[in-house]
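Numbered from 1 within each chain, the chains take letters A, B, ... in sequence-line order.
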Amino acid sequence: MQIATWNVNSLGVRLPHVLAWLQANPVDALCLQETKLTDDKFPAAAFAELGYHSVFIGQKTYNGVAILSRSPAEDVIAGLPGFDDEQKRVLTATIDGVRLVCAYFPNGQALDSDKYPYKLAWCDAMLRHAGEQLAAHPRFALLGDYNIAPEDRDVHDPAAWEGQVLVSPPERERFRALLGLGLADAYRLFDQPERSFSWWDYRQLGFQKNRGLRIDHILMSPALRDSCTACTIDRAERKKPQPSDHAPVVATLA
DNA sequence: ATGGCCACATCTTGTGGA
């Protein structure tokens with residue numbers, strides 16, 4: 001089984017990329033973030049033609065998440081229970097007996113922005129949700145754009161980023177709290193190239209110079225970790241014409 | 001030189017992203 005996550009930065013623009021990627025990478029489940037489409041505009045038929053079911057919650061312009069899967073999604077939950085939020089950022093569903101959370105963590109914008117305390121409170125609500133889901137479902141994974149680079153090695157230039165959103169100590173504390181539930185960062189289960197990132201700025205030849213951040217993650221429960229045989233970032237996708245600024249992350253389960 | 005790109009909305013300029 002393969003599970004994957006990809007922030008597509010507008011599914012309206014990136015639909016051809018996603019369809020081509022699925023044909024080349026027929027994963028069992030793909031979590032999408034930043035679809036930026038209201039539900040009436042979600043291209044479910046195009047995915048169905050490739051043999052994928054879809055569940056989705058979207059809004060105009062911002063946010064929006066979806067889970068595409070070869071088997072139908074079961075027991076779907078939209079949003080974070082107990083956390084009132086207009087923003088469409090979370091879907092939870094069971095695919096082939098694996099409980100998946102597809103999450104688009106808030107960006108936070110800046111440490112002095114109102115969006116920063118929202119991000120921290122959102123992370124706290126996610127910690128509760130992940131803990132509850134993990135307790136109920138031993139085969140559990142949390143996939144998505146976390147908007148957190150967990151360690152300095154996940155940042156192209158840690159000195160330049162110090163004090164910025166995405167790397168601040170309170171955000172990294174939230175990431176470590178998720179690990180504290182017993183979840184493993186699938187990418188770090190394996191030897192990986194140095195300077196591995198999942199997002200690169202569109203500006204300043206960010207990708208060509210590999211000036212990026214690793215902010216897209218797959219965290220998995222002990223039961224899944226034990227069967228995980230690989231986790232990779234598909235950098236090649238970022239080289240294509242009109243790419244998303246994020247690359248897909250894929251985990252393989254035996 | 002503190003911005004460079006991209007997507008989106010409302011328009012040809014502003015916001016948000018990361």
In whole Å, I'd like the distance from the [atom1] atom of [X] to the [atom2] atom of [N].
{"X": "Q204(A)", "N": "dA18(B)", "atom1": "CD", "atom2": "C1'", "answer": "13 Å"}
{"X": "I148(A)", "N": "dA18(B)", "atom1": "CD1", "atom2": "P", "answer": "12 Å"}
{"X": "N210(A)", "N": "dA18(B)", "atom1": "CG", "atom2": "P", "answer": "18 Å"}
{"X": "F105(A)", "N": "dG17(B)", "atom1": "CZ", "atom2": "P", "answer": "16 Å"}
{"X": "F207(A)", "N": "dC6(B)", "atom1": "CZ", "atom2": "P", "answer": "14 Å"}
{"X": "K41(A)", "N": "dC8(B)", "atom1": "NZ", "atom2": "P", "answer": "12 Å"}
{"X": "H246(A)", "N": "dG16(B)", "atom1": "NE2", "atom2": "C1'", "answer": "12 Å"}
{"X": "K209(A)", "N": "dG4(B)", "atom1": "NZ", "atom2": "C1'", "answer": "10 Å"}

To the side chain of [X], which of [options] is closest?
{"X": "Y104(A)", "options": "dG17(B), dA9(B), dA7(B)", "value": "dG17(B)"}
{"X": "N107(A)", "options": "dG16(B), dC8(B), dA18(B)", "value": "dA18(B)"}
{"X": "T61(A)", "options": "dC6(B), dA18(B), dC8(B)", "value": "dC8(B)"}
{"X": "R203(A)", "options": "dA9(B), dC5(B), dA7(B)", "value": "dC5(B)"}
{"X": "Y202(A)", "options": "dA18(B), dC6(B), dC8(B)", "value": "dC6(B)"}

Let me know which of W199(A), F105(A), W122(A), Y187(A) forms a ring pair (Phe, Tyr, Trp, His ring centres under 6.0 Å) with Y146(A).
F105(A)

Within the pair [X] and [N], is there a side-chain N or O less than 4.0 Å away from OP1 or OP2?
{"X": "N9(A)", "N": "dA18(B)", "answer": "no"}
{"X": "Q109(A)", "N": "dG17(B)", "answer": "yes"}
{"X": "K36(A)", "N": "dG17(B)", "answer": "no"}

Using a cut-off of 4.0 Å on non-hydrogen atoms, how would the nucleic acid contact of [X] be classed: base, sugar-phosphate, or nothing?
{"X": "N147(A)", "result": "sugar-phosphate"}
{"X": "R14(A)", "result": "sugar-phosphate"}
{"X": "N63(A)", "result": "nothing"}
{"X": "E34(A)", "result": "sugar-phosphate"}
{"X": "K119(A)", "result": "nothing"}

Please measure how far the [atom1] atom in [N] lies from the corresponding atom in [M], and state the result in whole Å.
{"N": "dG16(B)", "M": "dA1(B)", "atom1": "P", "result": "29 Å"}
{"N": "dC11(B)", "M": "dA7(B)", "atom1": "C1'", "result": "15 Å"}
{"N": "dT15(B)", "M": "dT10(B)", "atom1": "P", "result": "14 Å"}
{"N": "dT12(B)", "M": "dT2(B)", "atom1": "C1'", "result": "25 Å"}

Side-chain H-bond candidate by donor/acceptor type, [X] with [Y], under 3.5 Å:
{"X": "R14(A)", "Y": "S244(A)", "value": "no"}
{"X": "Y202(A)", "Y": "N9(A)", "value": "yes"}
{"X": "H156(A)", "Y": "W200(A)", "value": "no"}

Ring centres under 6.0 angstrom apart (F175(A), H217(A))
yes

Chi angles and distances behind the side-chain contact (heavy atoms from CB on, under 4.5 Å) call for F197(A), R235(A):
CA-CA 8 Å; F197(A) 309 122; R235(A) 287 176 45 95; 5.9 Å; no

